[in-house]
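To start, the structure under review is shown below, and the notes come after it.
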Amino acid sequence: DFCLSRGLGDVYKRQGLMIKEYQGSLKPTVAKPPIADAEKVTRANNKKDMSIALQRALLIIGIFLCIPVSVLWASCEDLMIHLGQDAAIARSTKLYLVMMIPGLWALAATQCVNTWLYAQAKTKAVASIAFLTAVLHPLWLYILIHRCEIGFLGASIALSLTKWLELMALLVYMNCFSNIITESEFEWSWTAWNDWGPFLQLGLPSLLMISEWWASEIIIFISGALPNPEVEMGAMSIYQNLLALCFMLPAGVRESCATIVGNALGAGMPRIALRSSIISPILTVAACGVLSAIILPVRHLSLIHISEPT
């Protein structure tokens, strides 16, 4: 996300972009960061670079992420068995992940489109669509798991369905309820196949920055090799849900910081970028403190979900 936001910010800086229609005339201005008005610029505008930046991100994520991960998920059963996992768990995992492959592609595209909209201060629409799809998600879970009686596969299908609905809603908003496509002069271009270096230089370190999430995944994987793996992995699902809950608020702060810093650097306002990068970890620590204060006193309630003695 930061890679695309920062890449769009570089486009802003190079091209002096974002033309607004004001009182019947077009005046060149810099994209407005969420926390302050950007100063006006006088250089020529070329919004097509914004579209190319989005297309470039879609291509990179599709080629380097979605294709390899889809292949890995589709063939994970044998790999898990070779790594000592229970055969039944490996089979169920493969079925679950195969059903999630469509959702993976939708999620990747949604993340790129979201960041593209963030960079143009279209945050309310993104938040509204995400909230709506999240509210509807329990309904799909109920229908697929209980009404259709397809078990855990219903959860996987519901997740893919939610991701595709979110992406479709974003596209409908962009084409029917907003003039952002026209304003940004969006059109597909072969130029998106060039100049991948800056994206990869930012994206790969960003990948390592969230590598601590791998630790929890490794712990869950190891639990499958313990005696009675069904019970062990069932207990780990509680841990994983709590971890995801604690991760959401810091992740939201990260998204905001990446957007603000990318826009501020692109607009030539390093002080705002520096201030945002300082405020972000402070808010993150505060959010984690509040969550800890809520979760720790009631941590024993999670035991009601475990029938085996602990």
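The first residue in the sequence is number 1, and the count goes up from there.
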*To the nearest 0.5 angstrom, please state how far the CD1 atom of Ile63 sits from the CG atom of Leu58.*
11.0 Å

_Ile222: hydrophobic cluster co-members (side-chain, 4.5 Å)_ = Ile218

*asked:* What I'd like to find out is whether the side chain of Gln85 reaches to under 4.5 Å of the side chain of Phe221, using heavy atoms alone.
replied: yes

*4.5 Å side-chain heavy-atom contact, Cys288 and Pro250*: yes

*Is there a side-chain contact between Val113 and Met174 (heavy atoms, below 4.5 Å)?*
yes

*What distance separates Leu274 CG from Ile279 CD1, expressed to the nearest 0.5 Å?*
9.5 Å

_Ile101-Leu95 co-clustered via ILVMFWY side chain contacts under 4.5 Å_ = yes

*Check the pair Ile272 / Ser276 against side chain to side chain contact (heavy atoms under 4.5 Å, CB included), numbers first and verdict last.*
CA-CA 6 Å; Ile272 292 180; Ser276 300; 4.2 Å; yes

Enumerate donor-acceptor pairs with a distance under 3.5 Å from any side-chain N or O in residues 161-171 to protein atoms, sequence neighbours excluded.
residue : atom : partner : partner atom : Å
Thr162  : OG1  : His137  : ND1          : 2.6
Thr162  : OG1  : Ala158  : O            : 3.0
Trp164  : NE1  : Pro102  : O            : 2.8

*How far apart are the closest heavy atoms of Leu65 and Pro68, and which atoms are they?*
O-CD, 3.3 Å

*If you draw a 6.0 Å radius around CH2 in Trp214, do more than 12 non-hydrogen atoms from other residues or ligands fall strictly inside?*
yes

*Indicate if Leu132 and Val126 have the same hydrophobic cluster label, given that clusters are the connected sets of ILVMFWY residues with side-chain heavy-atom separations under 4.5 angstrom.*
no

*With side chains defined as the heavy atoms from C-beta onward, is the minimum distance between Trp116 and Ile180 less than 4.5 Å?*
yes

*Could you pull out the closest heavy-atom pair between Met100 and Leu159, with the gap in Å?*
CE-CD2, 3.4 Å

*Taking all atoms of both residues into account, what is the closest heavy-atom pair of Ser280 and Val253, and its distance?*
OG-CG1, 3.4 Å

*Indicate yes or no for a side-chain donor-acceptor contact from Arg91 to the backbone of Glu77 under 3.5 Å, with no hydrogens or angles considered.*
no

_Within-4.5 Å side-chain heavy-atom neighbours: Asn194 and Ile52_ = no

*Just how far is it from atom CG of Leu144 to atom CG of Leu139, taken to the nearest 0.5 Å?*
9.0 Å

*For Ile81 against Ala90, the heavy-atom pair lying closest together*: CG1-CB, 3.8 Å

*Hey, can you tell me if Trp188 and Phe186 have their rings parallel, tilted or perpendicular (30° and 60° cut-offs)?*
perpendicular

*Taking a hydrophobic cluster as the set of Ile, Leu, Val, Met, Phe, Trp and Tyr residues connected by side-chain heavy atoms closer than 4.5 Å, whether directly or through intermediates, do Leu54 and Leu117 fall within one such cluster?*
yes

*asked:* Students often mix this up, so state it plainly: with edges at 30° and 60°, are the rings of Phe152 and Tyr96 parallel, tilted or perpendicular?
replied: parallel

*asked:* If I take atom OG1 from residue Thr123 and atom CD1 from residue Ile260, how far apart are they, to the nearest 0.5 angstrom?
replied: 9.5 Å

*Kindly indicate whether the side chain of Met99, heavy atoms from C-beta on, has any atom under 4.5 Å from the side chain of Ser160.*
no

*Linking I/L/V/M/F/W/Y whenever any side-chain heavy atoms sit under 4.5 Å apart, do Leu72 and Ile89 land together?*
no

_Residues which pass salt bridge (Lys or Arg N to Asp or Glu O under 4.0 Å) with Glu187, listed by chain and number, not counting sequence neighbours_ = Lys48

_Heavy-atom closest pair, residues Lys94 and Cys76_ = CA-SG, 3.6 Å

_Least distance between heavy atoms, Trp105 atom then Gly62 atom_ = CH2-O, 4.0 Å

*From Leu59 atom CG to Cys66 atom SG, the distance as rounded to the nearest 0.5 Å*: 11.0 Å

_Common cluster, Leu79/Val98, ILVMFWY with side-chain heavy-atom separation under 4.5 Å_ = no

*Roughly how far apart are Thr110 OG1 and Ile129 CD1, rounded to 0.5 Å?*
9.5 Å

*So, Ser156 side chain and Leu153 main chain: donor-acceptor pair closer than 3.5 Å or not?*
no

